[in-house]
Amino acid sequence: MKKLLLVNPSKKERSGFLLSQFTRLPPLGLAYVAAATPENWEIKIIDENVTPLEFESADLVGISAFTANINRGYSIASGFRQRGAKVVMGGVHVSMLPEEALNHADSVVVGEAEGIWRKVIKDFEAGRMAKKYLGPRIDLNTQSLTPRWDLLSRDYLMQPVLTARGCPFNCSFCAVTRFFGAHYRQRTVEDVLSELEKIAGKYIGFVDDNLVGYGPENQKRAAGIFRGMIDRGMKKNWFMQTSVNAAEDEELIELAGRSGCLFAFIGFETIKPETLQSLKKRSNLKLGVKNYLKAIDIFHRAGIAVMGSFMIGNDGDDPDYCRRLLDFILESGVDVVQLSILTPLPGTPLMEKIVNEGRLVCNNFPDDWEKFRMSWVTFRPIGMNADLIYRGLNFIKKNLYDPPRFQQRMLRSFTNLKGGTSYKFVEGLNKALEETWRNAHYYDPDPEWSY
Ligand code: B12
Ligand code: SF4
């Protein structure tokens, strides 16, 4: 029997986001690749976030990677090739830059695995694997598979579920529209519910970029999923990613809360409408920055915590903006804050713009991909230099996590969410993000000057 080893690479991090049980998730993409593999293959999935990699023997090795972990992915690829195994790489980074990946792997799959993987395996068995394969965007109603959860480590609190792929918005900094397409492809309510019923664990992470979707028809589907979870007595607790304008349908958010939603990850990105324009973040422009606070209240009223994502280092940001952003975050009652630096990821409209304008400063690839993890200044923004951005990030985080602010924020979340499991997750997520800050290269517990 031939053996396929599927690897999710990770740097050895000391603590934080990828290691906390509240934030980490198993590599769902690899569980789909495994599901598409013929039955006569032995398959093993190794997620380096939880299991050390020992370069065991295998006939074929499949490696998945984002940009942030691509260099570890390349080094694992050469380790296996030196030992005589053939290596195929897939995932979002290599799909954007297949030629780069071919310097490190025997073969690359661009796009989704499900529609092409059997051909890759067949070609491998025949000893004539091609360099590049194009995985078509699959029809989620007819080609969707059940991921091989049985092969994922049990060392995770949350089980990922994907109900849709694609996004019509194409925000300038995001890879999703280019990778999964502009059409929002959805699984049916029944298909999603029957997958949920097969999951034994209590905690589900809906990893869709927007579970609620982009219009009334999509909202109806989301309502069907939430109602089905209640009617079938599933008693799951879960989180979703969605856009801030989902709060326009208050009944839907209330239903989400009743069906077990603990927190919603929402990309607010910025509190400046002109920056939303330049990022082309249409969902937020539609609702308007002035309605952000109202939207957060709607989630809280449904017992759902809000994990808000914000970015600094946009053109036009300055130290005064950092102060205003901190004031907004504190006033808003956002329960968990993911604050990053705007980063041009490969294949995105932002990367194209920054390269065309000659502003990319980290451009020694692949080595510099290490810095494309949203915590490094990788291009020259207009308005703030790198030093000011790092200080701004440190200034905001210090004000979020140092006492007494931290305790005040947690007390407010406790009150808004009426304690319970949502609040437990808020505490856990805050702890993970605080640790990430304290281990960050820009961490300064006692900055000499204030913002
Ligand atoms: C859940 C998630 C996470 C989870 C991790 C889950 C995991 N281990 O996979 C967490 C929360 C930890 C996370 C963290 C980050 N994430 Co994230 N995340 C996602 C999200 C929302 C869903 C991922 C998912 O499960 N997709 C569904 C599966 C089915 O798709 P897939 O993994 O791409 O797999 C398919 C294909 O790629 C292909 N494939 C994948 N692997 C392989 C391997 C082989 C051999 C083959 C043949 C095919 C193949 O086939 C699969 C099935 O069709 C995506 C957005 C998205 N829609 O994908 C962003 C996304 C992947 N994340 C992104 C980013 C930027 C990050 C962070 C840097 C953010 C941060 N601020 O720190 C970190 C970096 C993590 C790291 N490794 O260092 C970007 C990555 C872009 C890029 N070029 O790297 C994305 C695309 C979002 C975006 N806005 O652009 N993330
Ligand atoms: S940030 Fe969200 S809305 Fe914008 S393109 Fe990405 S997935 Fe779509």
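Order of listing sets the numbers, starting from 1, for every ligand and every atom in it.
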Q) Just heavy atoms, cut-off under 4.0 Å: does Leu345 contact ligand 1 by side chain, backbone, both, or neither? A) side chain
(Q) Heavy-atom pairs closer than 4.0 Å: do any link ligand 1 to the side chain of Arg24, the backbone, both, or neither? (A) neither
Q: Tell me, yes or no, whether the heavy-atom count around Lys3 atom NZ, taken from other residues, nucleotides or ligands under 6.0 Å, exceeds 12.
A: yes
**Q.** Tyr74 OH to His104 NE2 distance, which is reported to the nearest 0.5 Å
**A.** 5.0 Å
Q. Do Arg165's NZ or CZ and the ring of Phe179 fall within the cation-pi criteria of under 6.0 Å and 45°?
A. no
Q.
Suppose I only count heavy atoms of Gly111 and a 4.0 Å limit; which atoms of ligand 1 are within that range?
A. 36 (C), 38 (C)
**Q.** Contact check, Met96 vs ligand 1, heavy-atom distance below 4.0 Å
**A.** no
Q | Minimum-distance pair of heavy atoms, taken over all atoms of Gly62 and Leu4 | A | N-CD1, 4.2 Å
Q | Atom indices of ligand 1 within 4.0 angstrom of Val109 heavy atoms, with elements | A | 47 (C)
Q. Would Lys2 and Glu125 pass as an ion pair if we require N to O under 4.0 Å?
A. no
Q. Of the listed options (Phe265, Tyr133, Phe179), which comes nearest to atom 37 (O) of ligand 1 when hydrogens are ignored and any heavy atom counts?
A. Phe179
Q | Ring centers of Phe365, Phe372 separated by less than 6.0 Å | A | yes
Q. Without hydrogens or angle criteria, can the side chains of Tyr442 and Lys397 be said to hold a donor-acceptor pair below 3.5 Å?
A. yes
Q) Hey, is ligand 1 close enough to Glu112 that some N/O pair sits below 3.5 Å? A) no
Q | Carboxylate-amine/guanidinium proximity below 4.0 Å for Glu434 and Arg438 | A | yes
**Q.** Phe263 and Phe22 aromatic centres sub-6.0 Å
**A.** no
(Q) Is the contact between Phe66 and ligand 1 made by the side chain, the backbone, both, or neither, using heavy atoms and a 4.0 Å cut-off? (A) both
Q. Less than 3.5 Å between some nitrogen or oxygen of Thr67 and one of ligand 1, yes or no?
A. yes
Q | Contacts of Lys290 that satisfy side chain to side chain contact (heavy atoms under 4.5 Å, CB included) - sequence neighbours left out | A | none
**Q.** Atoms of ligand 1 close to Val88 [distance to a heavy atom under 4.0 angstrom, numbered from 1]
**A.** 45 (C)
Q) Judging by distance only, is a nitrogen or oxygen of Leu28 under 3.5 angstrom from one on ligand 1? A) no
Q | Among Val110, Val108, Asp209, closest by any non-hydrogen atom to atom 54 (C) of ligand 1 | A | Asp209
Q. Is it true that the side chains of Asn8 and Ser64 contain a donor and an acceptor less than 3.5 Å apart?
A. no
(Q) So if I count the atoms of ligand 1 from 1 in the order they appear, which ones are less than 4.0 Å from some heavy atom of Gly91? (A) 37 (O), 39 (N), 40 (C), 41 (N), 42 (C), 49 (C)
Q) Evaluating non-hydrogen atoms only, which member of Lys281, Arg282, Arg178, Gln241 is closest to atom 2 (Fe) of ligand 2? A) Lys281
**Q.** Per-atom contacts of ligand 1 with Ala113, taking only distances under 4.0 Å to non-hydrogen atoms
**A.** 38 (C), 48 (C), 50 (O), 52 (C), 53 (O)
Q: Go around atom 6 (Fe) of ligand 2 and count every protein N, O or S atom nearer than 2.8 Å.
A: 1
Q | Close approach of Pro9 to ligand 1, heavy atoms, under 4.0 angstrom | A | no
Q | Side chains of Gln186 and Leu140 in contact at under 4.5 Å (non-hydrogen atoms) | A | no
Q) Looking only at side chains, do Thr275 and Asn314 share a donor and an acceptor under 3.5 Å apart? A) no
(Q) Out of all atoms in ligand 1, which are within 4.0 Å of some heavy atom of Leu162? Include the element for each. (A) 27 (C), 29 (C)
(Q) Would Ser64 count as being in polar contact with ligand 1, using the rule that some N or O on each side must be under 3.5 angstrom apart? (A) yes
Q: Look at atom 89 (N) of ligand 1 and find which of Gly73, Cys174, Gly135 reaches it with the closest heavy atom.
A: Cys174
Q) Do the side chains of Ile63 and Val88 get nearer than 4.5 Å, heavy atoms only? A) no
Q | Glu100 and Trp369: side chain donor to acceptor below 3.5 Å | A | yes
Q) Looking at Gly62, which atoms of ligand 1 are within less than 4.0 Å of one of its heavy atoms? A) 45 (C)
Q.
Check contact between Glu114 and ligand 1, using heavy atoms of the residue and a distance below 4.0 angstrom.
A. yes
Q. Can you tell me if Phe372 has a non-hydrogen atom under 4.0 Å from ligand 1?
A. no
Q. Hey, is Pro160 one of the residues with a heavy atom under 4.0 angstrom from ligand 1?
A. no
**Q.** Salt-bridge contact Glu357-Arg380 (side-chain N to carboxylate O under 4.0 Å)
**A.** no
**Q.** Residue portion contacting ligand 1 (non-hydrogen atoms closer than 4.0 Å) for Ile63
**A.** backbone
Q | Shortest non-hydrogen contact between Pro9 and Asn69, atoms and distance | A | O-ND2, 2.8 Å
Q: Give me the one residue out of Met311, Met374, Lys280 that meets side-chain contact (heavy atoms from CB on, under 4.5 Å) with Phe173.
A: Met311
Q | Stacked cation flag Lys119 on Tyr133, 6.0 angstrom / 45 deg | A | no
Q. Would you call Arg185 and Glu112 a salt bridge, taking side-chain N to carboxylate O under 4.0 Å as the test?
A. yes
**Q.** Polar contact flag for Ser340 and ligand 1 (N/O pairs, less than 3.5 Å)
**A.** no
Q.
Heavy atoms only: which of Val207, Asp208, Asn49 lies closest to atom 22 (C) of ligand 1?
A. Val207
(Q) Which of the numbered atoms in ligand 1 are under 4.0 angstrom from any heavy atom belonging to Met374? (A) 70 (C), 71 (N)
Q: Give the contacting part of Phe180 toward ligand 1: side chain, backbone, both or neither, where contact means a heavy-atom distance below 4.0 Å.
A: side chain
